[in-house]
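Just so it is clear: chains get the letters A, B, ... in the order the sequence lines come, proteins before strands, and each one is counted from 1.
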Amino acid sequence: MWTVWTVWMVWMVCLVPTTSEALCTEDDGYKVRLSIKTALGGDAYEWNESEMFFFKATLAFAMRTYSGGEQYDVSNILVCDETLRVSFVFVVTKPSNTSELVPRTEVENAIKKSRHRINSAFLLTDQTLDFVGINPTLAAPIQYDTPPWLIAFGVVMGLVCAGIVALLVSTFLNKKRSKKSADEEEAGRGNGILCESIRGKDGLFNQGLVDDDRLTKL
Amino acid sequence: QISVTMDNKALSYLLQCWQKFRPSWDNPMQFVLACVSYAVGLGNVWRFPYLCQMHGGGGFMIPYLIMLFVEGIPLFYMELAIGQKMRLGSIGAWSAISPYLGGLGIASVVTSLYLCLYYNVINAWSFWYLFHSFQAVLPWSDCPVNSNRTAYLEECEVATPTQYFFFRETLNISSSIDENGGVHMGLALCLLLAWLIVYLFIVKGVKSTGKVVYFTATFPYVVLIIYLIRGVTLHGALNGVKYMFTPKMEQLANPQTWINAATQIFFSLGLGFGSLIAFASYNHHNNNFENQAITVSLINSGTSIFASIVTFSIYGFKATFNYESCLERMRLLLMNTFELAEDTVHIDNISFWITDLNRTQPEQIAAIASRIETCSLEAELDTAVEGTGLAFIVYSEAIKNMPAAQLWSVLYFFMLLLLGMGSMLGNVTAIITPLRDFKVLAHSLSNETLNGLVCLFCLLLGFGFTTRSGNYWFTMFNEYGATFSLLFIVLLEIVTVSYIYGLKRFEKDIEDMLGRRPNWYWKIMWVAVSPLLLISLFVFYILNYIQGGAPTYQAWDKDVVREELTQIRLGLRSDSEISCVNLCAYSHIEMTVTRKSIFFDLQL
């Protein structure tokens, strides 16, 4: 019986260090996926222990910013299920009590608030640094005072109207000028008089019915 | 009829007086450029590449070129000859040929009027897109976000951003032709601008048109060349060009191929609208229009082929882009589901991975089976689009993925505008030339006022196309408004010239103008081949119409976010033009019985 108790104690002793890992589940935390090679191509950095330390520090920073100064530390960020994909699950423990987890919603809000800083720290984007379950807040549409299309429209419209007015005014002035010179020509009785008088008559030349036989040959 | 005999000197003097009153082109080049500007339009860019793709790529050239030489050039030659000989617009010219056929001219004018109403709406859309290109981020490249910035708008998510921009933001389309909705103010402003520009170009008749066509005829080629260079250097462009030029000869056995080739030549050259007659009526009597007819027709077809190379390189780029995006999505899916390292899965070995994983972990593959897509470049290239869908959706999608997208967008829509404006010049000239030939109108209204009134009239009616159901009306007019009546008009034209007016008289007129008679080729075409071809096209259209049942149109279903086929309860009567022909012939018979016709009278 004493041996059974010793075995049980040894087993419990071995189990204690693993309780921290028991806290780290996907239900209580968030899964993260990084696509470094997709984002950076040839400039991609290797994912190693130091990068993971950096990530934990960034998350701690995000928690500190959101909670307004609570002393979150790298040790408060627990990471598990690391894969070659470069994906892992993390949970955040409270700085006051390391066996208690920060609720998921708080973590989500903290990450949303500092998302841009986290992305920039790793030279990644919303698509390549993926927090599964946290949708990126989309960029606000740019607000213009005057829609730019209206400006372009106004410019072209102005030019066209100016062109039309210029053409009409010049035609009007030309007509006035030619009318004045026609009045002066009346006195002279030039060759054009026959053409003018024909123009005044009713009718138009109907060439279609010109029958060559009825006219003398040219 | 009263006949007048006069001596040489008086006759030539009269002819000189008369010629002085009709304005003319400054030089023959202006006339050629005007015809090119009119014939080379949007159809060359968005209809011909589609037909090429549908009917076996390079193989389509064979029926196309055959139809060009058998149908296109002879009919084009004939219309120019009539216009140059009669020196009147379509109404006057056809009345002069035979008094019973004044209605033919009126039918041409009515068809041109229908065309003017809806064609300028395309220019309005081009302006809308052009002005929206002056932004840091093109508005059709991203979906707009919803109010709390958590996701994109649902309608845009299901469709693509380019489709959303066209159907929702540009047209604000309703669900059916019955739901009118209000006028889209932005589009209405663009339509106003389009008509003001048309007025500016035609305000002084052929004097102002002649100067404008130097630009509208040549600049589109500059843009096409720039786009050709940009297009063939894009990644994946050669896939598209190879696809287009690979001939599928079995398509030649399909009668639809030949019919489409004939119809395309016919509409592409703009026969039957009266524009060619109007343009030619401002020529000098001895202008060599035979060479010009051949030149313009060849330029038109050459431009179609050239534009389709550009279009297919853009298609190839877009298809390759979509194909590679699809592969990338699959790669990500595999990596995320099976936690594989990034550099083990490439887009080349995706299929290998899928078969391997299917063997080793079939349950997990089954779980994501609904999200696995088969990416196929062929399937992407096979999606053929024509018309406004090609110009405003497919092209915009390709442009937004190019580097320096704003520049390419501006260039492209400016080219579309020039092509559209060039064709509008011909359409409007086809209306105002016959109107000016009526002495009543010519004396009471000045040139500028008449042109202004015509533009104003078309603008006011055109506002109907800027309402929320406007696109459906546009589709109606485009598909059913002019096609059938044009065939009838041109068939009547060629039958009139060959048989009623008489081929001998026509030959003599041409000899009078050119100094030589047309050779046997033209005569055979005018007398036999072209009329037969037109009759068979006409019969085919009637059969198609009867078999087709009620006319249908594609309606945008907001819930399904896709175009669905809908039947219309209203009909567009394309026989309105045909009835013009009958009515006018009848009224003339009445008039000749009751009135003496005098040699100098214009016959209505």
Pair A/Lys31 + B/Glu339: basic N to acidic O under 4.0 Å = yes
Rounded to the nearest 0.5 Å, what's the gap from NE2 on B/His132 to CG on A/Leu150? Could you check?
-> 9.0 Å
Pick one of side chain, backbone, both or neither for B/Asn336, based on which atoms fall under 4.5 Å of a heavy atom in chain A.
-> both
For the residue pair A/Ser35 and B/Arg331, establish whether any side-chain heavy-atom pair is separated by less than 4.5 Å.
-> no
Neighbour count >12 (heavy atoms, 6.0 Å) for atom CZ, A/Phe172 | no
Part of B/Leu340 within contact of chain A (heavy atom distance under 4.5 Å) = backbone
Near A/His116 NE2, under 6.0 Å, is it more than 12 heavy atoms from other residues, nucleotides or ligands?
-> no
Per-residue contact mode, B/Phe338 against chain A (heavy atom under 4.5 angstrom) = neither
Max heavy-atom pair count under 4.5 Å with chain B, selected residue of A/Ile151, A/Val156, A/Val132, A/Val86 = A/Val156
Worked verdict on A/Ser87 versus B/Met335 for side-chain contact (heavy atoms from CB on, under 4.5 Å) = CA-CA 10 Å; A/Ser87 71; B/Met335 280 195 323; over 6 Å; no
In terms of heavy-atom pairs under 4.5 Å, which option from A/Thr38, A/Asn135, A/Val155 contacts chain B the most?
-> A/Thr38
Would you say A/Tyr144 has more than 12 foreign heavy atoms packed within less than 6.0 Å of its OH?
-> yes
Point-to-point distance, once rounded to the nearest 0.5 Å, from CD of B/Glu342 to OG1 of A/Thr128 = 9.0 Å
Give, as side chain, backbone, both or neither, the part of A/Leu34 having an atom under 4.5 angstrom from any heavy atom of chain B.
-> backbone
Is it the side chain or the backbone of B/Leu130 that comes within 4.5 Å of chain A heavy atoms, both, or neither?
-> neither
For B/Leu196 and A/Ile164, which heavy atoms make the closest approach, and how far apart are they?
-> O-CD1, 3.5 Å
Tell me, for A/Thr83 versus chain B, whether the close heavy atoms (under 4.5 Å) come from the side chain, the backbone, both or neither.
-> side chain
Find the distance between CD (A/Gln127) and CG (B/Leu332) and round it off to the nearest 0.5 Å.
-> 10.5 Å
Out of curiosity, B/Leu189 CG to A/Met157 CE, how far, rounded to the nearest 0.5 Å?
-> 6.5 Å
Taking atom CG of A/Leu138 and atom CG of B/Asn146, what is their separation to the nearest 0.5 Å?
-> 7.5 Å
Chain B: which of A/Pro136, A/Pro147, A/Cys161, A/Pro148 shares the most heavy-atom pairs with it under 4.5 Å?
-> A/Pro148
Rounded distance (nearest 0.5 Å) linking atom NZ of B/Lys204 with atom CG of A/Leu168 | 9.0 Å
Partner of A/Trp149 under side chain to side chain contact (heavy atoms under 4.5 Å, CB included), picked from B/Phe134, B/Trp128, B/Tyr129, is B/Trp128
